[in-house]
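Computed over heavy atoms, backbone and side chain alike; hydrogens, waters and symmetry mates excluded.
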Amino acid sequence: QVQLVESGGGLVQAGDSLRLSCAASGRTFSAYAMGWFRQAPGKEREFVAAISRGSTTTYYADSVKGRFTISRDNAKTTVYLQMNSLKPEDEAVYYCAATLGYYSGGLYAKRELYNYWGQGTQVTVSS
């Protein structure tokens, strides 16, 4: 299995940028496709972005497309989420997740398909 630890959250103003990191340990990192999800108070956990094992393919929720970028460094066993032009509605706890499965396109948005989760990092955006 793999252990995931997120970092990089914090308090920012609307329009600012923030980069989240998720460090993985345990089983070979490159065996996993990785995703970022977020959960705001009173809402369900929702998909943000995902990246394939070799970084050849990325997927984004429509709400973050063009503002957020997911990337990974398999040598450092870390996945990143660069968040630009942050909005108050981006405020949430952000979780990274790992899946051993191979899926097509939009299936990477389904949280039930991810095997491992981090503990989350809080992102607060003030207007």
Side-chain angles (χ1 to χ4, degrees):
Q1 66 180 49
V2 65
Q3 293 77 42
L4 304 173
V5 179
E6 302 95 334
S7 62
L11 171 63
V12 297
Q13 293 187 333
D16 285 352
S17 298
L18 205 58
R19 189 176 82 155
L20 305 183
S21 299
C22 173
S25 60
R27 189 171 170 174
T28 306
F29 179 68
S30 58
Y32 298 88
M34 300 296 296
W36 284 97
F37 290 74
R38 66 187 182 186
Q39 188 168 18
K43 295 187 177 181
E44 290 192 354
R45 193 170 299 188
E46 65 175 4
F47 171 74
V48 175
I51 188 166
S52 62
R53 289 157 178 79
S55 302
T56 53
T57 310
T58 56
Y59 309 89
Y60 295 95
D62 288 343
S63 59
V64 306
K65 204 170 293 184
R67 299 188 298 123
F68 290 12
T69 302
I70 188 171
S71 62
R72 65 189 294 165
D73 185 334
N74 286 347
K76 295 183 178 179
T77 66
T78 301
V79 62
Y80 305 97
L81 186 68
Q82 177 66 43
M83 305 185 294
N84 299 330
S85 303
L86 281 161
K87 304 175 181 180
E89 51 263 44
D90 294 319
E91 182 168 310
V93 177
Y94 283 72
Y95 299 89
C96 72
T99 178
L100 285 168
Y102 288 81
Y103 309 109
S104 59
L107 286 177
Y108 282 104
K110 293 187 175 295
R111 61 181 187 267
E112 58 267 28
L113 297 182
Y114 286 80
N115 309 102
Y116 304 101
W117 293 82
Q119 83 291 344
T121 186
Q122 176 71 47
V123 172
T124 303
V125 184
S126 63
S127 56

Please check if [X] and [Y] belong to a single hydrophobic cluster, counting links between Ile, Leu, Val, Met, Phe, Trp and Tyr side chain heavy atoms closer than 4.5 Å.
X	Y	result
V2	Y103	no
L20	V5	no
V64	F47	no
Y59	Y114	yes
V12	V93	no

Closest approach of [X] to [Y] (non-hydrogen atoms, all atoms of both residues):
X	Y	value
A24	L4	CB-CD2, 3.7 Å
L100	N115	N-OD1, 2.8 Å
P88	A14	CD-CB, 4.1 Å
L86	R67	CA-NH1, 3.9 Å
A31	R53	O-NE, 2.9 Å
Q82	S17	NE2-CB, 3.9 Å

message: Could you walk me through whether K87 and D90 satisfy the salt bridge (Lys or Arg N to Asp or Glu O under 4.0 Å) test, starting with their C-alpha distance in whole Å, then the side-chain angles of each, then the deciding distance to 0.1 Å, before giving a yes or no?
response: CA-CA 5 Å; K87 304 175 181 180; D90 294 319; over 6 Å; no
In Å, rounded to the nearest 0.5 Å, how long is the span from [atom1] of [X] to [atom2] of [Y]?
X	Y	atom1	atom2	value
R19	S71	CZ	OG	7.0 Å
S25	Q1	OG	CD	9.5 Å
I70	L81	CD1	CG	6.5 Å
M34	S55	CE	OG	11.0 Å
Y80	W36	OH	CH2	10.5 Å

Is the side chain of [X] donor-acceptor paired with the backbone N or O of [Y] at a distance under 3.5 Å, no angle test?
X	Y	answer
N74	T28	no
T78	D73	no
S52	T57	yes
E6	C96	yes
Q13	S126	no
Y108	Y60	no
T99	L113	yes

Is [Y] close to [X] at the side-chain level, that is, under 4.5 Å between some pair of heavy atoms?
X	Y	result
M83	V48	no
L18	F68	no
R38	S63	yes

statement: The side-chain contact (heavy atoms from CB on, under 4.5 Å) partner of R111 among E46, Q39, E44 is E44
Within 45° cone and under 6.0 Å: R72 NZ/CZ vs Y32 ring: no
- prompt: Should the heavy atoms of other residues, nucleotides or ligands under 6.0 Å from NZ of K43 be counted, would the total exceed 12?
  reply: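 Check fails, neighbour count at 12 or below.
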- request: State yes or no: are the ring centers of W117 and F37 separated by less than 6.0 Å?
  value: yes
